[in-house]
A.B. asks: 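Quick one: the structure is below, and I'll ask about it shortly.
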Amino acid sequence: AARAGKRDMADGAERLRAVLAKRGNGSLLRGWRRELDADGSLDVGFLEFCEAARRLSVAVDAEALFGADSPDSLTLEELAPAEGSLVERFRHWMTGTFGGPGEMFIAFEGNPEEGADGKLRLQEFAEGLRAHGFRATTTEINQMFELLDMDDAGWVQMEDVMFLETDRKRREGAILKAKLKHRREYESLLKEVYREDSDRGVPRTHRLALRGWQAASVERLPAVVQERRLQWRRRIQERIQRAGSLFERHLREKHGNAVRAWRQGLDPGARFTVSRADLGRYCRRANVEVEIGYLWKYLDMDNDGQLRLEEFGATHAAALARFRAWAWGSFGSCAASWDRLRGCAEFDSWRSDKTMMHAAFLKAIAAHGWPLRLASEAPAVVSPFGPPLGGQAPGGAQPALDALLCAALDAHGCGLVSRKDLEWLDAWHPPEYLSADPDPAAWEALRAKMLAATGGQPLRAWRHLLDPNDTNFASWPDFVVACHKVGFRGNIGGAWRHLDADTSGSISLQEYDAERSELLASFKEWVEANFGSVEFAFRQMDTDGSGCVAYSELKRTCGRLGWMGNTREIFDLLDIDVAPGKRTLSFKELAFLDSWVPQVDLLPAEASRSSAGTAATGASRQSAAPSFAARSDASFARPLRRKPTSP
């Protein structure tokens with residue numbers, strides 16, 4: 001009876017091996033992987049085995065096959081001793097020769113710089129084994145490749161070999177990645193089905209539409225979630241744009257320019273800061289029907305919870321700051337200059353001693369040494385409310401800075417400047433950069449110090465010094481702190497103005513380094529198109545399950561999925577946490593890309609058509625003047641300079 005039982009067990013095992021070989025297209029090892037061991041653990045549990053036997057219609061005594069010594073699992077070596085022994089011999093040789101399957105794959109595949117595509121074919125696999133001294137026949141080499149090439153594709157990738165890892169933790173990570181790979185393939189199929197159904201536009205009640213239980217699972221797919229997240233961001237930006245446009249139209253009709261609107265409507269008490277509650281109260285008093293939350297996002301450029309004059313009306317504020325600095329240097333204060341200025345205008349046809357007309361005021365300050373300035377020395381923007389104030393500068397379309405100064409001081413729009421206007425200006429304490437001239441030499445000196453402090457990496461300098469909180473914008477206070485950190489004692493305001501040409505009060509990555517910003521935008525676009533998010537991209541690029549991405553892994557993935565950028569440059573750009581040893585990318589170094597949204601990607605379709613002067617693909621990504629005083633009807637479609645709205 002015992003001999004009969006053993007014979008029956010042997011017959012059942014033989015039948016099972018024959019079925020597995022058939023299901024593996026003639027390969028027992030491929031059939032083992034496909035039907036019993038998809039995760040590559042080289043064993044199968046009892047319940048999984050029973051389910052597979054029923055699915056394959058194989059009559060086998062499972063209890064006898066598993067045996068009393070290991071009733072919970074059946075190993076490959078127990079089912080097929082010759083093949084199992086070959087696999088174990090190969091694993092030990094691989095570990096002793098290379099250290100692990102990932103290192104073996106890299107050695108066999110070759111250098112990514114020399115055109116390696118991340119795929120290892122049978123011929124390369126066989127040549128690699130022989131070159132490194134693995135003793136095996138051609139049949140045995142073919143069997144090992146069939147074990148790796150579970151899908152019979154003719155080639156394998158690094159994640160296909162990682163199940164051979166002998167280190168337990170790395171092996172578990174590789175098995176998890178194998179499961180995730182199958183899940184991604186399934187999700188990719190569902191995504192394509194979902195998009196086809198969406199493109200057809202069939203109603204939910206149509207017989208070809210997804211059923212409720214199907215749609216729920218599809219809509220949770222990472223790629224679909226990411227697409228909806230981007231659509232949500234765009235809707236938010238459209239609402240922000242709409243709120244800002246309505247508010248600007250109201251202030252243009254009621255007040256004429258930004259500073260006048262600030263003095264008469266938003267800040268009549270001359271506190272020079274406005275809160276969100278103040279803004280809401282003004283809108284209620286003026287009966288402005290606008291969504292306050294979106295309007296506040298439109299106006300509060302640095303997201304600090306306070307709206308300041310230099311944010312609200314940057315162009316006019318720059319003119320006021322220059323005049324204030326000149327008056328304090330020449331007279332001790334703006335108010336102290338009034339009597340001296342009136343003295344120059346005493347024979348003018350205007351006889352009032354309390355006010356001066358614009359022409360008389362400009363004549364008086366010019367007589368005391370005020371340098372006549374054209375708009376070429378100011379931010380290159382136009383007035384927000386209609387035609388340029390004060391006409392055009394000779395040979396250009398920009399108003400003279402003197403005209404902006406008069407318009408900003410004229411609280412009632414009557415063409416007059418009064419002592420009270422100068423006293424109001426004395427109460428304001430503008431930031432240093434507003435009265436500074438752009439100083440390229442100061443910026444180059446500061447940039448050299450920042451690069452020296454961060455190992456010569458521009459993005460590392462940006463993220464460690466200028467934008468440590470990954471808000472994707474650097475504010476003036478952050479900039480000052482960074483200057484102190486690197487010991488820069490030069491012209492800080494001039495260095496800032498060289499970058500912040502529009503005096504918006506914040507610097508974007510585009511302004512800091514346009515070329516590398518474009519590279520990052522291209523890489524992010526590729527990541528989202530192929531993976532849905534940086535998190536999923538990182539998981540797929542980390543083929544060895546080590547928790548970090550090496551350059552070879554990044555190069556292989558970019559080549560396979562068709563990113564045309566410079567892989568070495570993007571790797572060096574993202575690798576900001578340099579440590580001794582092999583350089584790798586951590587998820588922390590990549591994660592900021594998920595929240596960083598290039599401004600052009602947030603705009604609706606019609607907004608991407610920029611106003612006059614910005615008609616090129618590259619130029620469309622450049623930041624236009626974001627401040628309230630720099631916005632006109634033609635500039636409502638410009639990219640917003642603000643912290644992107646998080647999903």
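The residues of the chain are indexed from 1 along the displayed sequence. None of the values given here were measured: they were computed from a predicted structure.
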A.B. asks: Please examine the side chains of Leu509 and Leu459, heavy atoms only from C-beta on, and report whether any two atoms are closer than 4.5 Å.
C.D. replies: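 Side-chain contact under 4.5 Å: yes.
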A.B. asks: Test Glu63 against Phe46 for side chain to side chain contact (heavy atoms under 4.5 Å, CB included), laying out the working first.
C.D. replies: CA-CA 8 Å; Glu63 293 184 0; Phe46 184 80; 4.1 Å; yes
A.B. asks: Look at the side chain of Arg583 and the backbone N and O of Tyr551, then say whether any donor-acceptor pair between them is shorter than 3.5 Å.
C.D. replies: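 The answer is no, because no donor-acceptor pair under 3.5 Å joins these two groups.
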A.B. asks: Hey, mind stepping through Asp37 and Leu76 against side chain to side chain contact (heavy atoms under 4.5 Å, CB included) and telling me if it holds?
C.D. replies: CA-CA 9 Å; Asp37 186 23; Leu76 172 62; over 6 Å; no
A.B. asks: Quick check: closest heavy atoms across Ala461 and Thr454, and the distance to 0.1 Å?
C.D. replies: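 Looking at all heavy atoms of both residues, the shortest contact is CB-OG1, 3.5 Å.
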A.B. asks: As an exercise, state the distance from OG of Ser41 to CG of Asp43, rounded to the nearest 0.5 Å.
C.D. replies: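 Nearest 0.5 Å value for the OG-CG distance: 4.0 Å.
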A.B. asks: Rounded to the nearest 0.5 Å, what's the gap from CG on Leu590 to NZ on Lys524? Could you check?
C.D. replies: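 Going from CG on Leu590 over to NZ on Lys524, the span is 11.5 Å.
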A.B. asks: Closer than 4.0 angstrom, basic N to acidic O: yes or no for Arg17 and Glu14?
C.D. replies: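 Here Arg17 pairs with Glu14 in a salt bridge, since their nearest N and O are under 4.0 Å apart.
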A.B. asks: Can you find a side-chain donor-acceptor pair between Asn142 and Thr138 that sits under 3.5 Å?
C.D. replies: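 Result is no, nothing qualifies.
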A.B. asks: Checking the side chain of Asp572 only, and the main-chain atoms of Glu569 only, is there a donor and an acceptor separated by less than 3.5 Å?
C.D. replies: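 Not confirmed, Asp572 side chain does not pair with Glu569 backbone.
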A.B. asks: Are there over 12 heavy-atom neighbours, none belonging to Arg23, within less than 6.0 Å of that residue's CZ?
C.D. replies: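 No, not enclosed.
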A.B. asks: Are Arg33 and Phe163 in a cation-pi contact, defined as NZ or CZ under 6.0 Å from the six-membered ring centre and within 45° of the axis?
C.D. replies: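 Cation-pi check for Arg33 and Phe163: passes.
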A.B. asks: Considering all heavy atoms of both residues, which atom of Ser508 and which atom of Phe473 are nearest to each other, and what is their separation?
C.D. replies: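 Residues Ser508 and Phe473, closest heavy atoms: CB-CE2, 3.5 Å.
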A.B. asks: Give a yes or no on whether the backbone of Gly24 and the side-chain of Arg34 come within a donor-acceptor separation of less than 3.5 Å.
C.D. replies: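 Side chain of Arg34 to backbone of Gly24, a donor-acceptor pair under 3.5 Å: no, none is there.
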A.B. asks: Can a donor-acceptor pair be found, under 3.5 Å and without considering hydrogens, that links the side chain of Thr557 to the backbone of Glu553?
C.D. replies: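 Flag set: sc Thr557 to bb Glu553 pair under 3.5 Å.
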A.B. asks: Specify whether Phe108 and Phe125 have parallel, tilted or perpendicular ring planes, treating 30° as the upper limit for parallel and 60° as the lower limit for perpendicular.
C.D. replies: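 Plane angle over 60°, so perpendicular.
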A.B. asks: Go through it in stages, so that I can follow the logic: the residues are Phe479 and Leu446, the test is side chain to side chain contact (heavy atoms under 4.5 Å, CB included), and I'd like the CA-CA distance, side-chain angles, deciding distance and then a yes or no.
C.D. replies: CA-CA 11 Å; Phe479 190 81; Leu446 173 58; 3.3 Å; yes
A.B. asks: Looking at Asp467 and Ala474, would you say the former's side chain and the latter's main chain have a donor-acceptor pair under 3.5 Å?
C.D. replies: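 No: the side chain of Asp467 does not pair with the backbone of Ala474.
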A.B. asks: Kindly indicate whether the side chain of Phe523, heavy atoms from C-beta on, has any atom under 4.5 Å from the side chain of Leu573.
C.D. replies: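 No, their side chains stay 4.5 Å or more apart.
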A.B. asks: For the residue pair Ser522 and Trp563, confirm or rule out a side-chain donor-acceptor distance under 3.5 Å.
C.D. replies: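 Yes, a side-chain donor-acceptor pair sits under 3.5 Å.
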A.B. asks: Please say whether more than 12 non-hydrogen atoms of neighbouring residues, nucleotides or ligands are located less than 6.0 Å from CD in Glu515.
C.D. replies: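 Open: at most 12 neighbouring heavy atoms sit under 6.0 Å from CD of Glu515.
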A.B. asks: When rounded to the nearest 0.5 angstrom, what distance separates NZ in Lys555 from CZ in Arg568?
C.D. replies: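 These two atoms lie 9.0 Å from each other.
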A.B. asks: With rounding to the nearest 0.5 Å, note down the distance linking CH2 in Trp443 to OH in Tyr512.
C.D. replies: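 Here the rounded value is 5.5 Å.
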A.B. asks: Less than 4.5 Å apart, side chain to side chain, heavy atoms only: is that true for Asp160 and Asp151?
C.D. replies: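 Of all side-chain heavy-atom pairs linking Asp151 with Asp160, none is under 4.5 Å.
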A.B. asks: How far apart are the closest heavy atoms of Phe66 and Leu74, and which atoms are they?
C.D. replies: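 Smallest interatomic distance, heavy atoms only, reads CE2-N, 3.4 Å.
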A.B. asks: Looking only at non-hydrogen atoms, find the nearest pair between Leu585 and Leu554 and report the distance.
C.D. replies: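 Heavy-atom minimum between the residues: CD1-CD2, 4.2 Å.
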A.B. asks: First locate atom CG of Leu519, then atom CG of Asp513, and finally report the distance between them rounded to the nearest 0.5 Å.
C.D. replies: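 Taking CG in Leu519 and CG in Asp513, the distance rounds to 9.5 Å.
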A.B. asks: Of all heavy-atom pairs between Glu511 and Ser506, which one has the smallest distance, and what is that distance?
C.D. replies: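 Reported closest heavy-atom pair: OE1-O, 3.5 Å.
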A.B. asks: Taking all non-hydrogen atoms of both residues, which atom of Phe571 and which atom of Val549 are closest, and how far apart?
C.D. replies: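 Looking at all heavy atoms of both residues, the shortest contact is CE1-O, 3.9 Å.
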A.B. asks: Side-chain contact, heavy-atom cut-off 4.5 Å: Met104 with Thr97?
C.D. replies: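 Side-chain contact under 4.5 Å: no.
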A.B. asks: In Å, rounded to the nearest 0.5 Å, how long is the span from CG of Leu164 to CZ of Phe105?
C.D. replies: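 If we round to the nearest 0.5 Å, Leu164:CG and Phe105:CZ are 12.5 Å apart.
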A.B. asks: Do the non-hydrogen side-chain atoms of Met541 and Arg556 ever get within less than 4.5 Å of each other?
C.D. replies: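 Met541 does not reach Arg556 side chain to side chain.
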A.B. asks: Stepwise, does the side chain to side chain contact (heavy atoms under 4.5 Å, CB included) test hold for Arg91 with Leu42?
C.D. replies: CA-CA 12 Å; Arg91 290 179 67 194; Leu42 299 180; 3.4 Å; yes
A.B. asks: Does the side chain of Leu466 reach to within under 4.5 Å of the side chain of Asp478, using non-hydrogen atoms?
C.D. replies: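 Not in contact.
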A.B. asks: Is there a side-chain contact between Ser85 and Glu77, using heavy atoms and a 4.5 Å cut-off?
C.D. replies: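 Yes, their side chains come closer than 4.5 Å.
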A.B. asks: Distance-only, no hydrogens or angles: does the Glu127 side chain make a donor-acceptor pair with backbone N or O of Glu124 under 3.5 Å?
C.D. replies: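 Flag not set: sc Glu127 to bb Glu124 has no pair under 3.5 Å.
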A.B. asks: Determine whether the aromatic ring centres of Phe98 and Trp93 lie less than 6.0 Å apart.
C.D. replies: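 Distance test on ring centres: under 6.0 Å, yes.
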A.B. asks: Does a sphere of radius 6.0 Å around CZ in Arg55 hold more than 12 heavy atoms from other residues, nucleotides or ligands, not counting ones at 6.0 Å or beyond?
C.D. replies: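 Count over threshold, so yes.
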A.B. asks: Are Phe592 and Leu574 close enough that some pair of their side-chain heavy atoms sits under 4.5 Å apart?
C.D. replies: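 Sidechains of Leu574 and Phe592: in contact.
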A.B. asks: Please confirm whether the backbone N or O of Arg135 pairs with a side-chain atom of Arg89, one donor and one acceptor, at under 3.5 Å?
C.D. replies: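 Here the side-chain-to-backbone pair exists.
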